[in-house]
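Order of listing sets the numbers, starting from 1, for every ligand and every atom in it. Model, not experiment: these values are computed from the prediction.
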Amino acid sequence: MADAVPVRVDVAILGGGIAGLWLLARLEKAGYSALLLESRSLGAGQTLASQGIIHGGLKYALDLKLGQDSQALADMPQRWRACLNGGGEIDLRAAKIAAERHLFWARRTLASRIGSFFGSKLLHGRVDALPAGQWPDALRDPDRVGAVYALDEMVLDVPSLLRTLAQPRWQRIKKIAPDFRIAEDGLTVQGDDGRVYGIQAQAMIATAGAGNETVLAQLKQPPASAQRRPLHMLLVEHAPAPLWAHCFDAGDKPRVTITTHRRQDGVLVWYVGGLIAENGVRQGEAELIAAARQEFATLLPKLDLSRCRFAGHRVDRAEGATEDGRKPEGPVLKRIGHLRVAWPTKLALAPQLADMALADLPPPSGRAAAVPAEWAAPGFALPPWESASWK
Ligand code: FAD
């Protein structure tokens with residue numbers, strides 16, 4: 001580190017997705033001097049490719065019991081809502097809410113089974129059955145749609161969420177070259193200005209999503225410490241109507257999870273996950289699109305998709321490892337020497353991951369960080385609906 005420009009901070013964060021940006025804001029509030037280092041663009045991994053649903057665990061209750069997944073998530077909508085109203089741990093008043101409540105529709109054949117579950121005391125106050133007059137236009141097909149429920153789970157406009165988190169903290173967010181070196185007392189990185197910086201930090205936290213694998217490799221950790229679960233998401237351009245909804249059928253996963261995004265040119269795009277995106281991993285784009293057309297013809301045959309164009313988007317969910325390759329039940333934070341490697345598991349769980357990280361840190365030093373002003377900040381990545389090649 002002899003020629004490196006020294007920068008001393010309490011905490012260095014590697015990776016500017018939701019986990020890193022949320023943590024930066026929490027650290028600042030708790031009095032730490034912190035620096036976030038991003039090698040591509042903010043939100044470039046999973047965060048801007050996510051659907052923005054602030055899950056409260058109800059999706060995971062679909063096997064008609066409330067499992068541990070749903071318990072971990074249950075407080076999240078309330079916690080995020082407090083931030084969005086300006087009364088929470090981080091001020092998110094400038095972030096946009098895309099939909100106040102995510103919906104859930106049951107196919108005609110399943111409506112009564114689901115009705116008794118959602119009517120149970122367990123879910124009281126978290127789920128409302130909507131009268132048919134309030135169903136969104138896309139779901140007005142009484143031959144196919146048996147019931148529509150509104151969940152206490154909002155959907156956020158993720159680009160505006162990231163801007164709201166990053167803008168007050170630009171001096172603490174820096175662009176680095178992808179190569180970095182972890183040393184005993186810190187981290188050596190190359191800034192966008194070509195200079196080499198020696199970051200001396202009491203603690204370092206990697207929230208680099210799939211990039212955590214490189215961090216683990218530098219620390220000589222087994223590759224099995226991290227896992228990826230791939231998805232092949234579907235995009236529908238010129239979507240027939242705004243819709244934020246899961247479709248529930250006999251299985252324990254939604255057949256489709258649809259969110260709607262307004263592109264910068266004003267065009268509405270549906271972004272579709274759920275089983276179709278999990279099964280789509282084994283399909284090429286043309287096959288995914290054909291399967292999606294078939295699925296919409298089965299679920300909502302009255303939809304007019306004649307103006308629509310389609311695209312696929314492959315993206316991996318990057319998570320801490322579990323023995324069976326399934327999703328971890330909550331955020332994962334591994335401590336390896338002076339470095340922590342962290343995955344929120346869900347965007348909605350970023351606040352819980354920050355709690356875990358803060359609980360594991362030494363107290364702030366009280367020293368302000370001197371970060372060179374000429375060292376540039378990264379830009380923002382584009383979400384998939386802005387960069388797709390439409391078919
Ligand atoms: P990422 O968002 O992947 O960010 C990692 C960042 O680190 C990136 O900016 C990357 O460029 C940077 N980076 C990588 N390597 C380095 C390095 N060496 N040095 C510096 N920076 C580096 N969760 C929900 O709660 N609700 C949803 O609706 C939802 N929908 C989803 C839909 C899809 C298709 C996917 C894939 C995930 C979804 N998730 C959802 C999960 C959620 O998106 C992720 O859990 C969350 O975004 C992970 O955030 P992160 O900050 O850990 O990682």
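Residue G43 has at least one heavy-atom neighbour below 4.0 Å for each of these atoms of ligand 1: 9 (O). For ligand 1, the atoms closer than 4.0 angstrom to any heavy atom of H55 are 24 (C), 25 (O), 26 (N), 27 (C), 28 (O). Distances below 4.0 Å separate heavy atoms of A49 from the following atoms of ligand 1: 32 (C), 33 (C), 34 (C).
Remark: among candidates S41, G16, A342, the nearest residue to atom 6 (C) of ligand 1 is G16, based on non-hydrogen atoms. In the candidate list P384, P344, P331, S39, S39 is nearest to atom 20 (C) of ligand 1, counting heavy atoms. When the heavy-atom distances from atom 15 (N) of ligand 1 to G17, G211, S50, P178 are ranked, the shortest goes to G211.
Between L347 and ligand 1, a contact under 3.5 Å exists for at least one N or O pair. For ligand 1, the polar-atom distance check against G20 finds no nitrogen or oxygen pair separated by under 3.5 Å. Checked by distance only, ligand 1 and Q51 come closer than 3.5 Å through their nitrogen or oxygen atoms. Considering backbone and side-chain N/O of T47, one or more are found under 3.5 Å from N/O of ligand 1. Considering backbone and side-chain atoms together, W343 places no N or O closer than 3.5 Å to any N or O of ligand 1. Of the polar atoms of I53, at least one N or O is found under 3.5 Å from an N or O of ligand 1, judged by distance alone. In terms of polar-atom proximity, defined here as any N/O pair under 3.5 Å, A19 does make such a contact with ligand 1.
Proximity of A318 to ligand 1 is not established, as no heavy-atom distance is less than 4.0 Å. Not close to ligand 1: G273, with no non-hydrogen atom less than 4.0 angstrom away. For T214, the closest heavy-atom approach to ligand 1 does not fall below 4.0 Å.
Of the candidates H261, H238, H313, H261 is the only one forming a ring pair (Phe, Tyr, Trp, His ring centres under 6.0 Å) with W385.
At a 4.0 Å heavy-atom cut-off, ligand 1 touches L37 through the backbone alone. Contacts with ligand 1 closer than 4.0 Å are made by backbone heavy atoms (N, CA, C, O) of T345 only, the side chain lying farther away.
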Inset, instruction - Assess whether salt bridge (Lys or Arg N to Asp or Glu O under 4.0 Å) is satisfied between R26 and E89, documenting all intermediate values. - result: CA-CA 7 Å; R26 284 286 308 279; E89 62 218 63; 3.4 Å; yes
Inset, instruction - Evaluate the criterion salt bridge (Lys or Arg N to Asp or Glu O under 4.0 Å) for residue pair R140 and D137; output intermediate values, then yes/no. - result: CA-CA 5 Å; R140 285 177 200 265; D137 288 348; 3.3 Å; yes
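Looking at every heavy atom in both residues, A94 comes nearest to T164 through C-OG1, 3.4 Å.
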